[in-house]
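The next block holds one structure in the form of C-alpha cells; read it before the comments.
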Amino acid sequence: MEYYKRFVRRNKDYVHSLESLANGLTWLLPERFSESEIGPEAVTSFLGIITTINEHILDTTPTQIRQVESSSFPLSLCITLLKDLETLVEVAGQQLYGEEKKWNFMAVTEAIKASLRLASFRNSGYKMLLHGGESINDGNDPGDFDSRRNGVSKNHHENNSQNLEGRALFALSRFGENARTISEPTWLRRVQHQQAIMDPPSPVAETRSLSDFLSEKGISGGFFLTGEVMFILRPLVYVLLVRRYGVRSWLPWLASFGVDLVGHGIISAVRHSSNDYRLSNAEKSELKRRKFLWALYLMRDPFFTKYTRQRLDGTQKALEPVPVVGLLTEKLVELITGAQTRYTYMSGS
C-alpha cells in the first residue's frame, strides 16, 4: 500500500490522465441505461472509488498543505465513496427487486448520507457544508480557500470536469456540482502546489458544541441551523415521499422543491440580516451551486414527462433534417432520456 501511495504522489498528472480516460471510456460500454446495466455500472463505480482513494492519498501527502477534518474519521471521504456507489445500488436494486422496491435501497442510502452530513456539519462547528460535505469548510477567507484548491488536492468532481466532452451525461447529472469548476493547466497546478508547500500549515479549528454555537449566534444561529438541516435532509424527504406515493406523484416533487426554496431562503435572509454571518467566497459559491441544482427539477418526474420531454422531442424533430446537427441532437436526447430514468443522476444529492 505504501508503494502505491508513493506511486500516486509521484505521478499525479499521469494518474489523473488515466482516470479521465478510463471514466470517458465507460460511456462506450454496452448496455448503458438498459435492464442489464449492473456490469457497466459496477465498472463505473469501481473507477470512481479508485479516483476517490487516489485523491485522498494526494490530500494526505505529508508535505501537502490541506484542510484537515477535526474528526479523525474521514467523513468527507465516506460521503464521496457512498456517492460513487449509489448508482450501482440503484441499478442492482431495480434489476433484482423491481422498480418499486428499489426505493427502499435509495431510502437507506440517503439516510446514511444524511447521517454522515449531519455528523460532518457538527464536527465542522456548524459551518456551511461545501459540496454536500465532500469538501471541508475551514472557515478561512475564500481567497485562501481557492488558493489551496491546487492540482494535488482537487476533489473527485473537479477531475471529472476535465473530461466533460467525453462524459457529457456525467456533466448533466452533476450540473450543479460542476457549475463553478474550471480546468487548470498543468503548469499552473505545479506553481500552486509549490506555493502551498511553502505556506505554513493551517491549524485545526476546535469543534464548537451546539449550545456554544447557539449562545454565540443567537436567534440567527438557530435559523441558520434550520436552513442547513433542511438542505441536508431534503433528498431523504424526497425519496421517502416517492417510496410512499410513487415517482409520478406531484407531492414528492413539490415538497422537495419547497424544502429547497425555504431552506435557501432562510440562509439568505440570515446572511443579509445578521452581521454574524459574513460568508467566505467558498460559501457564496456553495449557495450559487445549490441554486444551480434547482435546474435538475426540470429532469425529474412528473415535470419531465409532462413538460421537458415534449420540449426535447420538439427540438429533436425540428433539427432532424439538419445534417450532423440532427444526429447529434438525437444522441443527446437519447442520453438525457436515459439518464433521467436514474434517480441518482438527477437527485442533486
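Only this structure's heavy atoms are used, side chains among them; waters, hydrogens and symmetry mates stay out.
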*Determine the minimum heavy-atom distance between Leu312 and Val333, stating which atoms define it.*
O-CG2, 4.1 Å
*Look at the aromatic rings of His264 and Trp294 and report parallel, tilted or perpendicular, splitting at 30° and 60°.*
perpendicular
*asked:* Main chain of Gly338, side chain of Thr341: is a donor-acceptor contact present, judged purely on distance under 3.5 Å?
replied: yes
*Hey, is the main chain of Arg311 close enough, under 3.5 Å, to the side chain of Thr315 for a donor-acceptor pair?*
yes
*Identify whether Val108 and Leu240 are in the same connected component of the hydrophobic contact network (ILVMFWY, side-chain heavy atoms under 4.5 Å).*
no
*Are the charged groups of Lys83 and Glu86 less than 4.0 angstrom apart, N to O?*
no
*Pick one: which of Leu77, Ile79, Leu75, Leu129 meets side-chain contact (heavy atoms from CB on, under 4.5 Å) with Glu134?*
Ile79
*asked:* For the backbone of Asp301 and the side chain of Arg248, can you confirm whether one donor and one acceptor N or O come within less than 3.5 Å of each other?
replied: no
*Is the backbone N or O of Met346 less than 3.5 Å from a side-chain atom of Arg300, with the two atoms forming a donor-acceptor pair by type?*
yes
*Got Glu90 and Thr109 here, is their nearest side-chain heavy-atom distance under 4.5 Å?*
no
*Is a donor on one side and an acceptor on the other found under 3.5 Å between the side chain of Thr87 and the backbone of Thr344?*
no
*In chain order, what residues pass the side chain to side chain donor-acceptor pair (under 3.5 Å) check against Ser256, with sequence neighbours excluded?*
Arg234, Tyr297
*Under a 4.5 Å side-chain heavy-atom rule over Ile, Leu, Val, Met, Phe, Trp and Tyr, are Trp250 and Val239 clustered together?*
no
*asked:* Can you tell whether the side chains of Arg290 and Glu228 come within less than 4.0 Å, N to carboxylate O?
replied: yes
*Phe231, Ile266: one ILVMFWY side-chain cluster at the under-4.5 Å cut-off?*
yes
*Phe303 and Tyr307 aromatic ring geometry - parallel, tilted or perpendicular at 30°/60° bounds*: tilted
*Is the closest basic N to carboxylate O distance between Lys317 and Asp313 below 4.0 Å?*
no
*asked:* Donor-acceptor pair, distance only, cut-off 3.5 Å: does the side chain of Glu330 make one with the backbone of Leu327?
replied: no
*Does atom CD of Glu99 have more than 12 heavy-atom neighbours from other groups under 6.0 Å away?*
yes
*Taking Glu286 for the side chain and His131 for the main chain, is one N or O donor matched with an acceptor at less than 3.5 Å?*
yes
*Would you say the side-chain atoms of Asn137 pair up with the backbone N or O of Met128, donor to acceptor, closer than 3.5 Å?*
yes
_If hydrophobic clusters are built by linking Ile, Leu, Val, Met, Phe, Trp and Tyr wherever their side-chain heavy atoms come under 4.5 Å apart, do Met106 and Val237 end up in the same one?_
no
_Main-chain N/O of Gly246 paired to Ser249 side chain as donor or acceptor, under 3.5 Å_ = no
_Ser124 side-chain N/O to Phe121 backbone N/O, donor-acceptor pair under 3.5 Å_ = yes
*Hey, can you tell me if Trp103 and Tyr343 have their rings parallel, tilted or perpendicular (30° and 60° cut-offs)?*
perpendicular
*With sequence neighbours excluded, residues passing side chain to side chain donor-acceptor pair (under 3.5 Å) with Arg271*: none
